[in-house]
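Everything on this sheet refers to the single structure shown next.
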Amino acid sequence: MIAKGTIILTIVLLLSSCGKSEAEKIAQQKEEKELYNRCVSLGVKYFKEIGSYPTLKSAPNKGRHAIEVARERCKKAPKTAFL
């Protein structure tokens with residue numbers, strides 16, 4: 001039983017060391033940041049188009065700043081928040 005656990009732990013450690021290179025991580029972070037920034041821009045544009053900028057006028061976010069709500073939504077779902 002202990003040998004089986006040791007083997008599983010060794011496999012997990014080996015697999016976890018097979019990650020991305022530092023350059024790949026930086027490129028992915030840059031891409032995620034650009035996606036987030038685009039999403040926030042689309043959110044602000046959307047709120048302006050519906051006449052709810054800079055302060056939202058309808059529930060559930062009535063009285064909140066549009067940029068704050070856009071950032072919140074884009075943090076949760078940057079690819080689909082303002083399609």
Side-chain angles (χ1 to χ4, degrees):
M1 189 69 156
I2 294 174
K4 186 176 181 181
T6 305
I7 292 171
I8 292 173
L9 178 63
T10 304
I11 291 171
V12 169
L13 290 174
L14 286 172
L15 290 174
S16 66
S17 68
C18 298
K20 296 180 180 179
S21 72
E22 195 62 32
E24 289 174 325
K25 289 178 186 177
I26 292 171
Q28 181 180 1
Q29 288 173 346
K30 183 179 178 183
E31 184 178 321
E32 288 171 359
K33 187 175 181 179
E34 288 173 358
L35 180 64
Y36 171 80
N37 289 336
R38 264 194 312 265
C39 179
V40 173
S41 294
L42 286 173
V44 169
K45 182 180 175 185
Y46 168 76
F47 290 130
K48 285 180 179 180
E49 287 174 358
I50 65 169
S52 200
Y53 184 86
T55 304
L56 300 181
K57 296 175 175 72
S58 60
N61 295 306
K62 186 175 184 176
R64 292 183 65 200
H65 292 283
I67 293 174
E68 178 184 311
V69 174
R71 287 177 181 159
E72 188 177 282
R73 291 182 186 179
C74 291
K75 189 174 183 181
K76 291 178 184 177
K79 293 181 181 179
T80 58
F82 293 101
L83 287 180

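- For the residue pair C39 and A77, the shortest heavy atom distance occurs at SG-O, 4.5 Å.
- Linking Ile, Leu, Val, Met, Phe, Trp and Tyr residues whenever their side-chain heavy atoms come within less than 4.5 Å places F82 and I50 in a single cluster.
- The side-chain heavy atoms of V69 and F47, taken from C-beta on, include a pair separated by under 4.5 Å.
- The side-chain hydrogen bond (donor to acceptor under 3.5 Å, both in side chains) analysis of residues 30-47, with sequence neighbours excluded, yields the pairs Q28-E32.
- In terms of heavy atoms, C74 sits closest to V40 at SG-N, 3.4 Å.
- Sorted by first then second residue, the salt bridge (Lys or Arg N to Asp or Glu O under 4.0 Å) pairs that include residues 52-79, not counting sequence neighbours, are R64-E68, R64-E72.
- Smallest separation of non-hydrogen atoms from A66 and S52: CB-O, 4.0 Å.
- For the atom pair OG1 of T55 and CD1 of I67, the computed distance is 10.0 Å after rounding to the nearest 0.5 Å.
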